[in-house]
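Reckoned from all heavy atoms, side chains included, excluding hydrogens, waters and symmetry mates. Counting starts at 1 for both ligands and their atoms, in listed order.
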Amino acid sequence: MVSDEMRAEVERLKREQDAVILAHYYVTPDAQDLADYIGDSFFLSKKAATLDCKTLVFAGVHFMAESAKLLSPNKRVLMPEPTADCPMAHMVQKATIDAARAKYGDDLAVACYVNSRSQMKAWSDVCVTSSNAVKIVRALPQHNVLFIPDMNLGHYVALQVPEKNVILNDGFCPTHEAIELAEVQAARREHPGARVLAHPECGDWVLKEADFVGSTSQIIAEAVASDATDFIIATVHGVIRELEAQTAGSGKRFWFPATTPICPNMARVTADKILACLRDGTGEVSLPGDDVAAGSAHALDLMLDYAK
Ligand code: 13P
Ligand code: SF4
């Protein structure tokens with residue numbers, strides 16, 4: 001829990017600097033406690049693009065803060081933990097894209113999960129998040145779609161959009177990929193009647209077992225709407241704060257695989273670091289070079305248009 005003193009100091013600094021704090025569900029509960037808005041990657045991108053303020057504090061990993069800067073280049077964007085990075089954001093080679101473009105020509109779209117470096121976004125035609133990837137891939141005019149960097153989300157999209165030729169890259173989220181089917185099945189045996197809600201970054205061995213697949217916000221919305229009382233959650237444990245907040249008093253219970261999924265980078269984003277970056281002005285995110293900024297902002301803007 002965040003102390004009253006810390007909260008008051010953060011509020012004072014926010015007023016002084018016209019700042020808004022955004023947090024992803026995967027950061028520490030105390031960091032989420034200080035946030036003005038908590039959400040999944042898509043919700044936070046939309047907020048970054050539309051909020052009227054001078055400073056954004058982005059409690060998340062680097063690609064999220066960088067996307068906020070690209071969508072709103074006139075704002076100052078601060079990262080409480082500037083070294084928090086997503087390993088999957090580096091998992092594609094330019095040669096993979098060049099080979100697909102050479103093979104399919106104009107009938108290829110490169111769809112880039114936002115969990116990617118800006119350079120990768122600039123190589124691509126459109127960005128997607130886990131909450132809109134199916135909708136956007138389905139709507140693309142091209143028949144062939146190279147999906148980068150996440151093979152698990154790409155595989156899930158391919159199954160939902162069988163009319164397209166979805167080509168996969170070999171990137172993955174180490175945290176979701178590590179969730180084992182045996183642990184999900186063991187949790188089902190321990191909690192008969194529980195519904196399994198899974199993030200599409202999980203391997204298909206988990207997704208096949210799932211009753212519902214969706215982004216973090218979609219998982220929370222499903223748990224709130226469902227008549228079930230027990231849920232096995234196959235995503236990062238940080239969502240528990242919002243799951244419990246939104247279902248308080250309902251008697252709903254949430255269970256995780258025995259090896260609790262934690263994203264080590266998100267876990268380094270704490271309330272203390274939010275206060276420190278606001279106080280000291282540290283962790284400012286810069287725009288990439290002009291070509292990369294223009295190309296990657298275009299791919300992000302197009303995502304916001306397609307997702308409407
Ligand atoms: P969403 O925010 O789209 O649910 O994605 C989860 C994730 O892994 C973010 O890094
Ligand atoms: Fe990257 Fe996975 Fe962490 Fe999300 S949960 S930031 S995809 S490593």
Inset, instruction - Name the closest protein heavy atom to atom 1 (Fe) of ligand 2, giving the residue it belongs to and the distance to 0.1 Å. - result: C86 SG, 2.3 Å
Inset, instruction - Run the contact test for N265 against ligand 2 with a 4.0 Å cut-off on heavy atoms, strictly below, and give the result. - result: no
Legend entry - Residue, atom name and distance, where the atom is the protein heavy atom closest to atom 1 (P) of ligand 1: S130 OG, 3.4 Å
Inset, instruction - Of the side chain and backbone of Y113, name the one, both, or neither that has a heavy atom under 4.0 Å from an atom of ligand 1. - result: side chain
Legend entry - Expected output: side-chain T247 to main-chain L243 donor-acceptor under 3.5 Å: yes
Legend entry - Contacting atoms of ligand 1, where contact means under 4.0 angstrom from a heavy atom of T216: 1 (P), 2 (O), 4 (O)
Inset, instruction - Salt-bridge test for R12 and E9: reply yes if a basic N is under 4.0 Å from a carboxylate O, no otherwise. - result: yes
Legend entry - Proximity flag M88 to ligand 1, non-hydrogen atoms under 4.0 Å: no
Legend entry - D211 side chain to V196 backbone, donor-acceptor under 3.5 Å: yes
Inset, instruction - Decide whether S286 and E284 meet the rule of one side-chain donor and one side-chain acceptor closer than 3.5 Å. - result: no
Inset, instruction - Compute whether any side-chain donor of one residue and acceptor of the other, for D85 and N265, lie under 3.5 angstrom apart. - result: no
Inset, instruction - For S45 and L71, run side-chain contact (heavy atoms from CB on, under 4.5 Å): C-alpha distance rounded to whole Å, both residues' side-chain angles, the deciding distance at 0.1 Å, then the answer. - result: CA-CA 8 Å; S45 298; L71 287 164; 3.9 Å; yes
Inset, instruction - Return a yes/no value for S217: is any of its N or O atoms, backbone included, closer than 3.5 angstrom to an N or O of ligand 1? - result: no
Legend entry - Any Y25 heavy atom less than 4.0 Å to ligand 1: no
Inset, instruction - Identify the residue among D40, V224, L197 that makes a side chain to side chain contact (heavy atoms under 4.5 Å, CB included) with I219. - result: L197
Inset, instruction - Report yes or no: does C173 have an N/O/S atom closer than 2.8 Å to atom 3 (Fe) of ligand 2? - result: no
Inset, instruction - May I have the step-by-step check of side-chain contact (heavy atoms from CB on, under 4.5 Å) for H155 and L207, ending in yes or no? - result: CA-CA 10 Å; H155 179 65; L207 299 187; over 6 Å; no
Legend entry - ligand 2 atoms in contact with P87 (distance to a heavy atom under 4.0 Å): 8 (S)
Inset, instruction - Would you check if there is a donor-acceptor pair between the side chains of D272 and T270 at a distance under 3.5 Å? - result: no
Legend entry - Derivation and outcome, side-chain contact (heavy atoms from CB on, under 4.5 Å), residues Q246 and K252: CA-CA 10 Å; Q246 290 203 28; K252 291 185 177 180; over 6 Å; no
Legend entry - Q142 side-chain N/O to N144 backbone N/O, donor-acceptor pair under 3.5 Å: no
Inset, instruction - Could you say whether the N/O atoms of H176 and ligand 1 ever approach to under 3.5 Å? - result: no
Inset, instruction - Take K47 and D36, measure what salt bridge (charged side-chain N to carboxylate O under 4.0 Å, His left out) needs, and give me the verdict at the end. - result: CA-CA 11 Å; K47 277 286 162 215; D36 297 296; over 6 Å; no
Legend entry - Numbering as shown, the atoms of ligand 1 that approach F63 to under 4.0 Å (heavy-atom distance): 10 (O)
Inset, instruction - Decide whether S118 and E66 meet the rule of one side-chain donor and one side-chain acceptor closer than 3.5 Å. - result: yes
Inset, instruction - Would you mind checking which non-hydrogen protein atom is closest to atom 5 (O) of ligand 1, with the distance to 0.1 Å? - result: H199 NE2, 3.3 Å
Inset, instruction - Run the numbers for me: atoms of ligand 1, each under 4.0 Å from some heavy atom of S215, listed by number. - result: 4 (O)
Legend entry - Where ligand 2 meets M88 - atom numbers and elements under 4.0 angstrom, heavy-atom basis: 7 (S)
Legend entry - atom 3 (Fe) of ligand 2: the protein heavy-atom neighbour that sits closest, reported with distance to 0.1 Å: C263 SG, 2.4 Å
Inset, instruction - Return the residue, atom name and 0.1 Å-rounded distance of the protein heavy atom closest to atom 10 (O) of ligand 1. - result: N115 ND2, 3.2 Å
Legend entry - Sub-3.5 Å N/O-N/O distance, S131 and ligand 1: no
Legend entry - Distance filter under 4.0 Å to D40 heavy atoms, resulting ligand 1 atoms: 1 (P), 2 (O), 4 (O)
Legend entry - Element-labelled atoms of ligand 2 that are located less than 4.0 Å from some non-hydrogen atom of Y26: 5 (S)
Inset, instruction - Output the list of atoms in ligand 2 that are nearer than 4.0 Å to some heavy atom of E201, sorted by atom number. - result: 2 (Fe), 7 (S)
Inset, instruction - Using distance alone, decide if ligand 1 has a nitrogen or oxygen within less than 3.5 Å of any nitrogen or oxygen in S41. - result: yes
Legend entry - Side-chain donor-acceptor contact under 3.5 Å, T129 with S131: yes
Inset, instruction - Enumerate the atoms of ligand 1 whose separation from the nearest heavy atom of M64 is less than 4.0 angstrom. - result: 9 (C), 10 (O)
Inset, instruction - May I ask you to check whether H24 has an N/O atom sitting below 3.5 Å from an N/O atom of ligand 1? - result: yes
Legend entry - Any side-chain heavy-atom pair of I38 and Y25 under 4.5 Å: yes
Legend entry - Whether Y26 lies under 4.0 Å from ligand 1, heavy atom: yes
Legend entry - Heavy-atom nearest neighbour in the protein, as seen from atom 8 (O) of ligand 1, with distance rounded to 0.1 Å: E201 OE2, 2.9 Å
